[in-house]
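Labels below follow one simple rule: chain letters A, B, ... track the order of the sequence lines, proteins then strands, and each chain is numbered from 1.
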Amino acid sequence: MAGVDVGGGSGKGKRSLDSEINMIPFIDLLMVTIAFLLITAVWSHMARINADAQVPGPPRPDVEQQDIPPEKILHLQMTSPEKFTIVWKAGSQVVTSIDVPRKDDIKENHGIKTVRYGVVTCKPEDQACFNAMCGRAPESRSLAETIACEWTNSGSHRAQQDKKLDQAVLHTDNDTQYVFIIGVIDALYQTHRKAETGGKVTEVPAFNVTFAVN
Amino acid sequence: MPVHQPGRRLMHYVPLNFVHKKVTGHGGRATNAGLSLTSMIDFLIVVVVFLLMTFSASGETPPAKGVRIPSAENTLDMIDAPMVAINGQQILVDGAAAGNTRAIEDAKRLQRIDELFNILKGKREVWKQLHPNKDFPGVVVLQVDQDVPAVVVKSTFQTAAFAGYPNVSFMVNGIPKAH
């Protein structure tokens, strides 16, 4: 069994300073801890992806209405099997429009599908990386990269102090499978920016996603 | 009953030297094997540390039976909110039946799901009665099977918004980011 030797103890008739530690309770404790942790262990981590229905608030007769110019909103159309169309609109006016080739990267693991539309490897503060990525031809960029470039060029809420997020509206046809919708929302949430909340600077998604109901 | 050292027992009571020698194994290797505790304790500690790191105190909400939830990378932590599950053609709210999607799939157009609307509206009113001085968060979590068509997802989304739940979250399997 384990022991502790603290030296000394050579004196005549003195009690030895070597003492035995009883390891049995220690091993018991470890075993009980392992059993508890194994029983309560969670191997699949559930998470959520946020969306917003954009319901207008109740009318405020006490507040004077002002003419506010409509904000630019990113509309992402995934109705075609060959391409995505990204359109920036201010109200009903189209500001810019760009087509991105659609490449569904589908992976299946034990029946669970994951659809990816590219990866944005640039950090929000790395402007040189963004310049290099956005300098490439649009056809060679993935959907996630194109969204990041579009937001860098045309996003309205980019300041660190700005608490509002840019709005993205997703247009799908009625037959699109849910897993592809999640793939596109995941690509939209890959673009991040810095935001100051309560004196702390954190990374938040650049877009708030909603659905077009047409 | 006392515990004896393990070993050979056969004929050990015979008080003759040569018999005793014969039955105890001719001075061969001891039958008691020493167990190295150091490596065992090292292993146990590593297992405990690993399990502690993967431990989640907040608990997890398992998806409804038969619902295959897709995976995504850019996710948020789960929150406590009404759970709407869409499994094939059945809709469940917190495990209780709340209509089906057959009519939507047949019509192939967006429509309100009345049963789901009434249940969510009821839940909202109960919450408001229980928390009279608080703002209603209006959050609902959708557990949708990966193969469900968009028209069903959008109809459920719209029904939840009509029932006073404009903040809709989609439950996914969180996976680590690729970069």
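Separating the CD atom in A/Glu82 from the OG1 atom in A/Thr79 is a distance of 10.5 Å, to the nearest 0.5 Å. From B/Phe170, atom CZ reaches atom CD of B/Gln143 across 12.5 Å, with rounding to the nearest 0.5 Å. For the atom pair CZ of B/Arg112 and CZ of B/Phe117, the computed distance is 4.5 Å after rounding to the nearest 0.5 Å. Between A/Trp151 atom CH2 and A/Arg193 atom CZ the span is 6.0 Å, to the nearest 0.5 Å.
At a threshold of 4.0 Å, the pair A/Asp175-B/Lys108 counts as salt-bridged, since one of the basic side-chain nitrogens sits closer than that to a carboxylate oxygen. Contact check on A/Glu71 versus A/Lys164 returns a salt bridge, with a Lys/Arg side-chain nitrogen under 4.0 Å from an Asp/Glu carboxylate oxygen.
Contact tally against chain B (heavy-atom pairs below 4.5 Å) for A/Ile34, A/Ile49, A/Thr114: the top residue is A/Ile49. Taking B/Ile104, B/Val144, B/Ile69 one by one and counting their heavy-atom pairs under 4.5 Å with chain A, the maximum is reached by B/Val144. Interface remark: of the candidates B/Leu51, B/Ile45, B/Val172, B/Val172 forms the most heavy-atom pairs closer than 4.5 Å to chain A. The candidate from B/Val139, B/Val168, B/Asn167 with the greatest count of non-hydrogen atom pairs under 4.5 Å with chain A is B/Val168. When A/Met31, A/Gln177, A/Arg48, A/His192 are compared by the number of non-hydrogen pairs under 4.5 Å with chain B, A/Arg48 comes out ahead. Between chain A and the options B/Asp77, B/Ile175, B/Val47, B/Leu142, heavy-atom pairs under 4.5 Å are most frequent for B/Asp77.
With a threshold of 4.5 angstrom between heavy atoms, A/Ile181 approaches chain B through side-chain atoms but not through N, CA, C or O. Interface remark: B/Ile86 contributes no atoms to any contact with chain A (heavy atom separation under 4.5 Å). Contacts between B/Phe50 and chain A at a heavy-atom distance below 4.5 Å involve the side chain alone, from C-beta outward. In this structure, the portion of A/Ile182 lying under 4.5 Å from any heavy atom of chain B is its side chain and not its backbone. With a 4.5 angstrom heavy-atom cutoff, A/Asn109 does not touch chain B via any of its atoms. Of the two parts of B/Leu52, the backbone and the side chain both hold a non-hydrogen atom closer than 4.5 Å to a non-hydrogen atom of chain A. Looking at B/Val153, the atoms closer than 4.5 Å to chain A (heavy atoms on both sides) all sit in the side chain, from C-beta outward. Residue A/Ile185 touches chain B through its side chain alone, counting heavy-atom pairs closer than 4.5 Å.
Scored by the ring pair (Phe, Tyr, Trp, His ring centres under 6.0 Å) test, A/His75 finds A/His171 as partners (sequence neighbours excluded). Legend: residues meeting side-chain hydrogen bond (donor to acceptor under 3.5 Å, both in side chains) with B/Asp147, ordered by chain and number and at least two apart, are A/Lys113, B/Arg68.
Scanning residues 98-107 of chain A against chain B with a 4.5 Å non-hydrogen threshold yields no residues.
Residue A/His157 is tested with A/Asp166, A/Asn208, A/Asp162 for a side chain to side chain donor-acceptor pair (under 3.5 Å); the sole match is A/Asp162.
Judged as a ring pair (Phe, Tyr, Trp, His ring centres under 6.0 Å), not a single pair has a partner in residues 119-144 of chain A (not counting sequence neighbours).
Counting only heavy atoms from C-beta outward, the side chains of B/Tyr165 and B/Pro82 approach each other to under 4.5 Å. Contact annotation: the side chain of A/Ile147 never approaches that of A/Tyr189 to less than 4.5 Å [non-hydrogen atoms, C-beta and beyond].
A tilted orientation is assigned to the rings of A/Phe36 and B/Phe55, their planes being inclined by 30° to 60°.
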